[in-house]
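Take a look at the structure set out below.
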Number of protein chains: 2
Amino acid sequence: MSAATRNEDMSDDIGTRLKLVRQIFGLTQRELARRAGVTNGAISLIEQNRVSPSISSLKKILDGIPLSLADFFTLNFTSSDNVFFTADELTEIVYDPAISMRMVGRKVKGRMLQMLRETYQPGADTGDAMLRHEGEECGIIVSGCLAVTVGVEEKVLQPGDAYYFRSDIPHRFRNPGTEPCVLISANSPPSF
Amino acid sequence: MSAATRNEDMSDDIGTRLKLVRQIFGLTQRELARRAGVTNGAISLIEQNRVSPSISSLKKILDGIPLSLADFFTLNFTSSDNVFFTADELTEIVYDPAISMRMVGRKVKGRMLQMLRETYQPGADTGDAMLRHEGEECGIIVSGCLAVTVGVEEKVLQPGDAYYFRSDIPHRFRNPGTEPCVLISANSPPSF
DNA sequence: TAACGTTGTCAAAAATCCTAAACACATGGA
DNA sequence: TCCATGTGTTTAGGATTTTTGACAACGTTA
């Protein structure tokens, strides 16, 4: 029931929601209308919230996507606000003065992924008290070089190189070079 | 998305579904109509599937219960499979050799539970003013017997039997026997 | 038994939605 | 430039839903 109040606002704006869903699935009003067996005009009116469609109409339209009524009302389709981010919109995370981290997207609980843009200054090191946490992580080097230790293996990665390992295996990052190292990494689930 | 196909059938019978929900919440067509601000005739026609209501109408009606559109299309009101469990349907959980645990219901992450040991004297009754509150609750009978009403379903549970339901569905406990009933119950979130 | 209140249903009128066909606008080629 | 194509929008009218107001069936109580 907590979901009820949380999702209640969705019910008021079927139009925007339908439009968003339609666009997510890459359909035009006419194409969706053709698949659903309704007219494009009907979809236009619904998306403008100028009419409140009947269940049967909405069902027919969703069948053309296809998407169930339950999913239509339940799923949390992200608005474009949460899709695209400029570089300076990435939230900065203070971890170590020599290590800059910027996270892609907003911190929303329930997410399974966390992407970071990390910058390691020369000599920066996560320390020999190896990191360990739940989940998996991966990354790719953008510039500079990075020494990555996973378990007993260590390798110095160059730009373009990448890694992927289970996060419960002790791991460590270090910049052995003379220029900053930039990499893009991802965690699942978010480690902080 | 997988829920789409699984729940698809529900969409075809809004009427029966609405009627079931209305009865579960103990409302007459007129009472629900009064709360929702529509006419009883409209509800009658909808429940007979003689019309397909508009989203706005259905929303108004559900607001009178109250129940969100999302819950209306999502909840599984009909199947008692996930409500009542026989003694041998409880899954055993090995936590500590000295502690035997048997989990009631299916394992779903995100639950925060409060477990209780309750004793109902013969004739004890929570009353026909059905209980309703946020969250979920479950329980298992230790000794004696307990009549549990959840929505329109009532079942007399014997020792070893158990229940699991959403607490916003009206419910009631009653001891119809001649000896005290002891049960272990759990609430999520804790109700007190 | 009769009076009363409550229930769900139904028929016609009022309100709303959906369709068909056109409109305005933008884009891309010939 | 001009045309063809594709997009979303609008409008009038037919189709559907909702209201209004009444009906019969069922209990309860005097």
Side-chain angles (χ1 to χ4, degrees), chain A residues 10-69 72-73 77 79-80 83, chain B residues 10-69 72-73 77-78 127-130 149 151-154 170:
Chain A
M10 308 188 321
S11 310
D12 301 334
D13 196 358
I14 301 294
T16 303
R17 191 168 186 75
L18 175 59
K19 183 171 188 173
L20 178 60
V21 169
R22 176 174 62 80
Q23 291 173 336
I24 285 176
F25 284 87
L27 300 172
T28 66
Q29 288 182 345
R30 278 184 165 78
E31 172 60 16
L32 177 55
R34 188 191 62 74
R35 294 194 193 183
V38 300
T39 59
N40 60 307
I43 294 179
S44 176
L45 294 173
I46 292 169
E47 289 187 351
Q48 298 171 79
N49 282 321
R50 288 174 49 182
V51 301
S52 176
S54 69
I55 295 289
S56 57
S57 296
L58 184 58
K59 170 97 168 53
K60 274 205 297 185
I61 292 171
L62 293 179
D63 283 346
I65 289 182
L67 191 71
S68 74
L69 280 165
F72 179 78
F73 287 107
F77 299 102
S79 64
S80 59
V83 174
Chain B
M10 308 187 322
S11 312
D12 300 334
D13 197 358
I14 301 293
T16 304
R17 191 168 186 76
L18 175 60
K19 183 171 188 172
L20 178 60
V21 170
R22 175 174 65 79
Q23 291 175 336
I24 284 177
F25 285 88
L27 299 173
T28 65
Q29 288 183 343
R30 277 184 165 78
E31 171 61 15
L32 178 55
R34 189 191 63 74
R35 295 194 193 183
V38 300
T39 59
N40 61 307
I43 294 179
S44 176
L45 293 174
I46 292 169
E47 289 187 352
Q48 297 171 80
N49 282 319
R50 288 175 49 181
V51 300
S52 176
S54 69
I55 295 289
S56 57
S57 298
L58 184 59
K59 169 94 168 54
K60 275 204 297 185
I61 292 171
L62 293 178
D63 283 345
I65 288 182
L67 192 71
S68 74
L69 280 165
F72 179 78
F73 286 109
F77 295 101
T78 49
D128 59 12
M130 310 282 275
T149 307
V152 293
E153 294 184 291
E154 169 167 303

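Letters A, B, ... mirror the listed sequences (proteins, then strands); counts begin at 1. The structure displayed is predicted, hence computed values, not measured ones.
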Self-check item: Carboxylate-amine/guanidinium proximity below 4.0 Å for A:Glu47 and A:Arg22
Solution: yes
Exercise. Flag the pair A:Leu58 / A:Ile55 as yes when at least one side-chain heavy-atom distance between them is below 4.5 Å, and no otherwise.
Key: no
Quiz item: So do B:Glu31 and B:Thr28 actually touch side chain to side chain, heavy atoms under 4.5 Å?
Solution: yes
Quiz item: Under 4.0 Å between a side-chain N/O of A:Ser44 and OP1 or OP2 of D:dG8, yes or no?
Solution: no
Quiz prompt | Spacing of A:Glu47 atom CD relative to D:dG8 atom C1', expressed in whole Å | solution = 9 Å
Practice problem: Calculate the interatomic distance between A:Gln29 atom CD and D:dT5 atom C1'; express it in whole Å. | Solution: 17 Å
Self-check item: Annotated protein contacts, base or backbone, on nucleotides 15-24 of chain D with a non-hydrogen cut-off under 4.0 Å, one of B, S, - each
Solution: --SBBB-B--
State the [atom1]-[atom2] distance between [X] and [Y], to the nearest 0.5 angstrom.
X       : Y       : atom1 : atom2 : value
B:Lys19 : B:Leu32 : NZ    : CG    : 13.0 Å
B:Leu27 : B:Arg34 : CG    : CZ    : 9.5 Å
B:Ile61 : B:Gln29 : CD1   : CD    : 10.0 Å
B:Leu69 : A:Phe72 : CG    : CZ    : 10.0 Å

Exercise. Considering only heavy atoms of chain A and a distance under 4.0 Å, specify the first and last nucleotide of DNA chain C in 5' to 3' order that meet this criterion.
Key: C:dC17 to C:dA22
Using nucleotides 26-29 of chain D, report all nitrogen or oxygen pairs with the protein that are shorter than 3.5 Å.
none

Self-check item: Heavy-atom closest pair, residues A:Ala36 and A:Lys60
Solution: CB-O, 3.2 Å
Practice problem: Quick one: label A:Arg34 by what it contacts on the DNA or RNA (base, sugar-phosphate, nothing), any heavy atom closer than 4.0 Å. | Solution: nothing
Quiz prompt | Any donor-acceptor N/O pair, A:Ser52 side chain to B:Ser56 backbone, under 3.5 Å | solution = yes
Quiz item: Would you say the side-chain atoms of A:Asp63 pair up with the backbone N or O of A:Pro66, donor to acceptor, closer than 3.5 Å?
Solution: no
